[in-house]
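Note that the coordinates shown come from a computational prediction; the quantities given were computed from them, not determined experimentally.
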Amino acid sequence: MDAGITLLFTLIFSAILFIIQRTERRRRLLVIIIFLIVAELLRWFVWSRGYHAEAWAALILALILNFGFWVLIGRYNPPGSSSDIQVIGMDD
C-alpha cells in the first residue's frame, strides 16, 4: 500500500466530507450533488490505477477524522445561515 496515495486520498475525502458537513442546510443538497460528480471522477481514477486498498483506507480514515471534528467542534458550533452574515461598515 502506497502511503503517499493514501494521504492524498485522505485529504481529498476529508475535504469533501468537511465541506458537506459545514454547508448550510438550504444548500446542502446542491453541494452533495456537486461532490457526487467529484466522487465519481475519483472512483474512476481509483479503478483505472488499481488503488483500491488505498482508497478504502483513506475513506475510513477521512470518516474517522470528520467524525472527530464533528464531536469536538461541529456539534457545538453549527454552520450559520447566509442571512446571519453582517458586513461591518455598511450603512444598511
>> Working note: Leu42 + Phe13, criterion side-chain contact (heavy atoms from CB on, under 4.5 Å); need CA distance, chi angles, decisive distance, verdict.
In response: CA-CA 10 Å; Leu42 280 171; Phe13 291 147; 3.7 Å; yes
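Residues passing the side chain to side chain contact (heavy atoms under 4.5 Å, CB included) test with Arg26, sequence neighbours excluded: Glu24, Ser82. With sequence neighbours left out, Arg75 forms a salt bridge (charged side-chain N to carboxylate O under 4.0 Å, His left out) with no residue at all. Qualifying side chain to side chain contact (heavy atoms under 4.5 Å, CB included) partners for Leu65, counting only residues two or more places apart in sequence or in other chains: Thr10, Ser14, Leu61.
Under the 4.5 Å side-chain contact rule for hydrophobic residues, Val31 and Leu41 do not share a cluster. Under the 4.5 Å side-chain heavy-atom criterion for ILVMFWY residues, a single connected hydrophobic cluster contains both Ile19 and Leu36.
In this structure, CG on Leu59 lies 4.5 Å from CG on Leu63, to the nearest 0.5 angstrom. Remark: Phe45 CZ to Ile12 CD1 distance equals 8.5 Å, nearest 0.5 Å.
Taking Ile, Leu, Val, Met, Phe, Trp and Tyr as hydrophobic and joining them when side-chain heavy atoms fall under 4.5 Å apart, one finds Leu29 in a cluster with Ile33. Cluster note: Leu30 groups with Ile34 through ILVMFWY side-chain heavy atoms spaced under 4.5 Å, whether in direct contact or through intervening members. Cluster partners of Ile60, by chain and number: Ile64. The rule joins Ile, Leu, Val, Met, Phe, Trp and Tyr whenever side-chain heavy atoms lie under 4.5 Å apart.
Here the side chains of Ile32 and Thr23 are not in contact, with every heavy-atom distance at 4.5 Å or above.
Residues in residues 18-41 take part in these ring-ring contact (aromatic ring centres under 6.0 Å, His included) pairs, two or more places apart or across chains: Phe18-Phe69. Applying the side chain to side chain donor-acceptor pair (under 3.5 Å) rule to pairs touching residues 33-58 yields Glu40-Arg43, sequence neighbours excluded.
Of all heavy-atom pairs between Ala57 and Met1, the closest is CB-SD, 4.1 Å. Shortest non-hydrogen contact noted between Phe9 and Ala58 is CB-CB, 3.4 Å.
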